[in-house]
Amino acid sequence: MHTAVDAMKSRLTQIDDLRRAASVLEWDQQTLMPAGGAVARGRQLATLRRLAHDLETTDETLRLVDAAGRETDGRDPGDPDRALYRVGARKVARARYVSSELVGELETHLSASYDAWTRARPAADFDAMRPYLERTVELSRRWAESFPDANHPADPAIAENDPGMDVAQVRALFADLRKELVPLVTEIGKAPAPDTSFLVKDYDVDAQLAFGREVVELLGYDFQRGRSDLTHHPFMTKFGNGDVRITTRVQKNDLTDALFSTIHECGHALYEQNIDASFDGTPLDNGTSSGVHESQSRLWENIVGRSHAFWEHMLPVARARFPEQLGDVSVDAFHRAINRVEPSLIRTDADEVTYNLHVMIRFDLATALLEGELSVKDLPEAWNARYQADLGVTAPSATDGVLQDVHWYVEKIGGLFQGYTLGNVMSAQFYDAACRADSSIPARIGTGDYAPLRRWLVDNLYRHGSVYDPNDLVQRATGEALSIAPFVRYLKRKFGNLYSLEFESPAGA
Ligand code: ZN
């Protein structure tokens with residue numbers, strides 16, 4: 001029988017197909033495409049995205065979604081058809097709020113802004129970016145005003161990436177976390193730094209790639225339904241349930257850059273590869289939010305990949321590939337080296353403790369720009385003041401300061417950064433819940449057996465795809481609302497041990 005849900009699903013799949021096809025073009029653009037393909041590729045991507053947007057905003061699509069809403073009315077929120085309706089209806093409503101003129105204006109402006117940024121960043125020329133960023137702030141505000149239910153100009157952008165969340169929730173969480181992190185960074189800064197010299201010896205590029213491949217295969221990445229390729233800025237992408245790809249980059253004089261970014265992307269991919277196969281081709285076939293996604297990349301990269309237990313098993317594996325470089329390095333020394341804490345200028349190179357301070361600085365400044373509390377001309381000064389206050393460092397120029405991340409120069413601002421820290425916070429909460437359910441997990445990691453952890457994650461998170469919004473998913477999986485306590489506890493225990501420091505337990509620990 002052909003139901004209203006079937007009709008909606010078929011329409012949403014057409015839209016999804018156009019977007020996934022664009023992702024294939026994007027993947028190619030960032031891995032294999034010759035530079036000469038850039039202009040045609042930009043046009044082709046714009047065409048596919050416009051077709052997807054046009055189809056998503058037709059009255060017919062709205063009618064199909066509404067009919068499926070009536071048909072599934074009263075069903076359990078976890079019912080996949082009801083969830084598909086909810087996610088589909090939300091996407092359609094959001095797409096219809098924003099005028100196509102504004103979408104076009106944003107796209108044209110942001111592509112010019114990105115182009116200017118690629119020159120301004122190496123030249124440390126913030127003044128060149130000022131007019132672009134002023135316009136981006138203005139367009140971002142107008143975009144936010146298109147949404148009738150927003151309490152704050154950053155709310156619609158946050159809701160787009162982290163559904164069900166808003167400025168108020170994120171701000172409260174970040175304020176509490178910052179209070180814990182700043183003194184932690186100060187205390188660790190007084191302790192002697194570990195030796196990291198063996199991590200930056202000469203490491204053969206092909207051997208590094210083979211090692212990374214071995215590691216992610218052990219973690220559970222399925223190469224039958226994926227592949228790994230080289231790129232400049234590693235990412236994970238999905239074309240369908242049976243095709244989830246990761247990318248990586250390698251530096252000859254750095255063992256950790258390729259390794260941890262490969263594990264990071266593998267974490268994103270494990271989530272996507274383990275979503276219920278019946279959701280294939282629908283909007284449910286995606287991780288539910290940027291925060292939950294990042295919780296999985298960071299859980300595998302940091303909580304597992306930078307743990308002592310992980311290297312008890314993995315260091316001998318690494319030593320077999322790099323006997324000269326790692327032959328006389330102990331697990332303790334390796335563990336200390338890969339967890340070195342050091343306040344630095346660059347977010348993407350930051351350690352687990354300081355990383356979130358970088359994120360909060362961006363989140364606070366972006367919301368202040370949108371509120372009109374901060375003007376673009378005062379942004380570099382505000383940036384430097386916060387870096388000095390939170391991390392005790394000041395960028396010598398805008399290159400490693402306010403111009404360092406591409407985000408503000410290629411996207412509308414407001415919803416881009418919170419997911420990174422939400423992910424770190426959630427990663428510890430999820431891991432705690434997994435270990436409560438199966439106390440053998442940490443010991444099994446020490447023997448190279450990741451199946452018990454993966455099983456819990458598949459059962460409680462991965463398979464659901466986008467059925468549950470992040471706040472609901474956290475509550476269902478852990479039995480508690482989202483909280484910073486497990487993450488703070490994790491950092492204090494781990495880095496207290498590593499740096500022989502006594503940290504007071506946080507409330508509720
Ligand atoms: Zn990530």
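Atoms within a ligand are numbered from 1 in the order they appear, just like the ligands themselves.
- Minimum-distance N/O/S atom of E294 relative to the Zn ion (ligand 1): OE1.
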Residue pair R20, D285: steps toward the side chain to side chain contact (heavy atoms under 4.5 Å, CB included) verdict: CA-CA 11 Å; R20 303 283 190 196; D285 192 26; 4.1 Å; yes
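- Atom OH of Y114 has 12 or fewer neighbouring heavy atoms from other residues, nucleotides or ligands inside a 6.0 Å radius.
- Counting only heavy atoms from C-beta outward, the side chains of T237 and Q30 never approach each other to under 4.5 Å.
- None of the N, O or S atoms belonging to E265 lies under 2.8 Å away from the Zn ion (ligand 1).
- Taking 2.8 Å as the threshold, H293 does not count as a candidate ligand of the Zn ion (ligand 1), since none of its N, O or S atoms lies below it.
- Of all the N, O or S atoms in H268, the one closest to the Zn ion (ligand 1) is NE2.
- You'll find the side chain of Y203 stays beyond 4.5 Å of the side chain of L259, heavy atoms only.
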